[in-house]
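Quick note on labels: first sequence line is chain A, next is B, and so on, each numbered from 1. Quick caveat, the model's predicted, so the values are computed rather than measured.
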Amino acid sequence: MRCRLTYLVAPLPVIAFLLLLIIAPPEKATAQSGWPPLDSNCSDGECVFGVSAGADDAGPNPVTSCSYATTWNEIYLGRCTGTSIVSGFRFANITLPRGTGIAQAYLVFTVDGIYITPITVAFYGENATHAQAFSSTSSPASRPRLSGLSTVWSIPSSDSWVQGQIRQSPDITAMVQAIVDKSGWQSGNALAILVEPTSATATGAYRRVFAFERAGIAYSARLVIRTGPRKVYLPLMQKNYQFIKAKSGIHLGSGVQANWGTLMQTRLTGGNPAQGIYPAVLVVLSNNLYTYTRGGPACTISAVSGVTNQTLYDYIKSAAQHGTKVIVRIYPSPGNFQNALGAPGTTRTLLTGSGQRPPKPGGGTGDYCTPGNDNLFRSIDDIANEMKAIRDYNSARGWSVYAFEPANEPNSEWWPIIEDIQVKKPWVDMDTYFKNLYAEVHPGGANPDIRVLAVPMAQSRFAEEKNVVDCSAYEPQVEGRAGGLLWMEYTWLETVNGSSVNYNDGWSWHNYWKYGEEASTANNACDPNSGHNFQAFPNSLKTTILNSPDYAFVTEADVYSPCIGDAQWMSDKGDSSGQNQNSVNAANAMRVFIANERGADYVAIWNLTIQYSDSLTCNIADTNDEFAWHEAFRGTTSATTSLPSNERYWFRGWWLDPTQP
Amino acid sequence: MLPIIHSQFRGFAFCTGVLLLSAVLVACAPMSILELEISGDAALPAATATVESGYPGPGATLASPLPIPPYNSLIATPLPDEYVVVGAIVEISKPKADFPYTYVEDFIEKSGIVLERVFVQYLGREIRLGDDYGSSNVEAITEGYIVWTYHAHVDETNLPLQSGLYVYEVKTGKLTRVADGWRVGLSELDGEWILYISWENARTGNLPRNDTPGDVRPLLAYNISTGQTITLTTNLPVILGRGAPSFYGVSGNRAGWVEYDMQTQQYAIKVCDLNSGNTRALNVPNLKHPLFFSLSDDLAVWRDTYWRGYSLTQDALFTIPYAPPGWENKPEAASIVVTARHSALEWQVRVSDSEVHYFSGPIVPRGQGPTAWETLAIPSQQTIAPPTPAPLEGAPPTAYP
């Protein structure tokens, strides 16, 4: 009676709510647990394909007397009354050359529900070099199967399926590898995976997943492929084996090109889980890895001339080929201010046009022919050239970075005095600069393989909606908007006057937190006891990021150091010379924080190694001490341990923990 | 996606006024109001270091639970001897000013430079504040005046306008430069007085992240009628994440501000009669981190762990509810801002980018009418639970069948 009364009183809200439930895309929480964005580019080590047509998934429908069709809204798994359900999923245009090594492959489904019926099904690969779409005369049951290759998926009653949730199949690497290895296979062909119940599935027991017809490719089945060494080489290491982190990574720091060492490489290489694991994400400064050729009248970047450290470069390439997402932060990236060279009459005005460079004191326009000028200014064409040069250099060597960060914390590095960014103009300036940079990289849609992330901002400097320190509002606001990001309509919000625009290929931000604030809120609301910066973002931006197919990265993260005044409960992170409670506390802080990060898909801890200082204590006037506090590898080898290098205990305890995603 | 407001109008800057005398604050009873909604199973595995290596091996963890730094709750209840209290709180519509003019701000890209423009419409005419040689930005307005900044983008030696802080009298069209340079402004305006700061020679560098001032700035007052400039203090605190204007306010002929002595590391709240120049520190003991200062007529408000008010006419310090009725236990409570406006208190509750609720409450002598405290659902004192890691997989909505 109460329900009916509610319905009569407020039917529209109820209907609207139900519609919202029906059409709302999966929450990021589920995305975090495995909903991969479509990505047909396999050259960076990972690609994701979706069922992209109605006839690419098909099977019987137990609700309609187990009648077969290609047009059902759902694909059933299990058994009709007395009859097996044989279903199929076809993935077109698989961009893998014949013989590509498959390190991992699996399917991901948007499931329907509520279902609690236990079922057990087996996956098979269709024995074809170019699987055809299903039809009324060519059902999944009629397709030939690869012999000797199947994967069983047992779904217990305890695994309750609820509409909109995501489920990942068991590994189907072997069958995908077999198909790609077939003599007639070529890049761009289609493959199909067939599913049928095993004898363990009771009659009439079934569940169902979203078909293409239900809500399009956004929710249809997906095939995730990671390229790399064939699994045949790793058969005995599968148990509890963590080859690559799913979410965790590290920023390599600014000393890596000089200090890259064997132990660092071991720790960040999968193969022996007691020794190392590939990171899910690596962040590296561009000038720590590449050197450039400059040319033309202004000596802008024309090509990568070489690398700073070949061993480091080879490692990063290998990591990318094993699935690590490599983020290159353009550095230096000091902005492009009119007064950068101190010419008389110039002001601190940001130049946002292509080819614009600041005037020189003696007349003429600044250029990059003078060494070090790129530390003073960078025009957007020069940064775009750098990205393209890196892409070309890597491409010629068989790999690609995942994305670029165009600058670092411009709300701090470009406007170091905090009053400067309490008005809207700098935010609009930055938005315009990075919008124009994105357009410079992608003229007419060119260079789609170069991903440019939204630039990471410094925390608590008026970017977010709230000050994450205590979730208080910025008061006053940034001229009528709660935070500066709300003025960055093109490159951060991607919404201008209510219309969507595309000026980033994902987001990056930084996240330093106070020790003890590793947990996060279930609904992403800002909470003073949580240090997750995402929670301080504007609600509209949270929604955009959570629903976007683009990834979001925390490219710097760590516990606050006492060097900057807020490290209650953790005076230091432990030395290299021995394990102590601080080391263990720090390792756990990393673990818990990353596990609880809900806004970003990947988290990179800052940092692997820098140099200059190895101080355990903080002199607030010496920023090198601040850097040293965060390092995983100190600059000098410990004299009090027999360990082969200067690795800090917190890093190893965190990184080698196989429970860490 | 929630809509983003694309108003071309800057939020109206209202001035505030202060009055106060001295009073003694005893202790309020803090209570936690927010409890992390975190649970889950990423629980820390048992702590055991691998003996042979000396490292904390995989799975190593704390010997004790993660300590949780105490969050300074915003809740406090009035002390028995507070003889001024907050009256009944009511929701109000968004405060707005009905001025005889309007203005529009926009941005255009011109020759690779973003130009911010200001246009004032008055009596059917449109007047531009500034020109194409620089960017203009409105900082504060009243019925009679517009305070704005101008930043030249080119050599300004021979320009009609030089970079600086300006006041425009709408009725007469009179334009006066208040201060020179790029780094002046963040103004407050009321009556004939403009409060602003200067950071032209500010040093750069990291600021502490714990509400400790990392620097100080001068706060100045400019009288529009006389052209007189007064330096109110050289010790206005600079704190990461705290807007400069949240440390000062002006109302009529009175200015108030928060002051910090970098040597003694002591705060003070001061008010100044701008006509006489008399300045006095309010007798508020135990100032820790006063933030969000505002002033309106005879009322000063700030947050120092808890929200405080001070009645200048009553010379009385009093406690302010951190949230209006109905919002006490909602997540938005942490970001509620209380300000002094028209001698009353105003709470701003921001729910989303487009949804903000406003509440107002008077200041009344104790025992003379209902108080806000009688209607508030203040939770009993509780201890904040240590956060247990949350499960990564949220429960999505269910609408099936």
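Taking the side chain as every heavy atom from C-beta outward, A:Lys425 and B:His151 never approach each other to under 4.5 Å. Between A:Thr346 and B:Asp155, every side-chain heavy-atom pair lies at or beyond the 4.5 Å cut-off. Between A:Glu419 and B:Val238 the shortest side-chain heavy-atom distance falls below 4.5 Å. Between B:Trp199 and A:Ile418, the closest side-chain pair of non-hydrogen atoms is not below 4.5 Å. The shortest side-chain heavy-atom distance between B:Glu116 and A:Val428 does not fall under the 4.5 Å cut-off.
Here the closest non-hydrogen pair linking B:Ala244 and A:Gln422 is N-OE1, 2.8 Å. Minimum heavy-atom separation, B:Asn137 to A:Lys424: OD1-NZ, 2.8 Å. For the pair A:Ala473 and B:Ser335, the tightest heavy-atom approach, listed with the atom from each and the gap, is CB-O, 3.7 Å. What you find for B:Ala152 and A:Thr349 is that their closest heavy atoms are O-OG1, 4.2 Å. Closest heavy-atom contact between B:Ala334 and A:Pro528: CB-CG, 3.9 Å. The heavy-atom pair separating A:Phe462 from B:Gly241 by the smallest distance is CZ-C, 3.9 Å.
Heavy atoms closer than 4.5 Å to chain A are found in the side chain of B:Arg217, but not in its backbone. Contact annotation for B:Leu240: both backbone and side-chain heavy atoms come within less than 4.5 Å of a heavy atom of chain A. Interface remark: B:Gln348 contributes no atoms to any contact with chain A (heavy atom separation under 4.5 Å). Using a 4.5 Å cut-off between heavy atoms, B:Ser135 touches chain A through its side chain atoms alone. No part of B:Ser163 comes within reach of chain A, as not one of its non-hydrogen atoms sits under 4.5 angstrom from that chain.
Under the 4.0 Å criterion applied to side-chain N and carboxylate O atoms, A:Glu475 and B:Arg303 are not assigned as salt-bridge partners.
Annotation: side-chain contact (heavy atoms from CB on, under 4.5 Å) contacts of B:Gln162 (sequence neighbours excluded): B:Glu156, B:Leu159, B:Tyr166, B:Arg177.
Put simply, CD1 on B:Ile113 and OG1 on A:Thr347 are 7.0 Å apart, with the number rounded to the nearest 0.5 Å. Separating the OG atom in A:Ser460 from the CG atom in B:Leu207 is a distance of 10.5 Å, to the nearest 0.5 Å. Note that the CD1 atom of A:Ile417 and the CH2 atom of B:Trp182 stand 12.5 Å from one another [nearest 0.5 Å].
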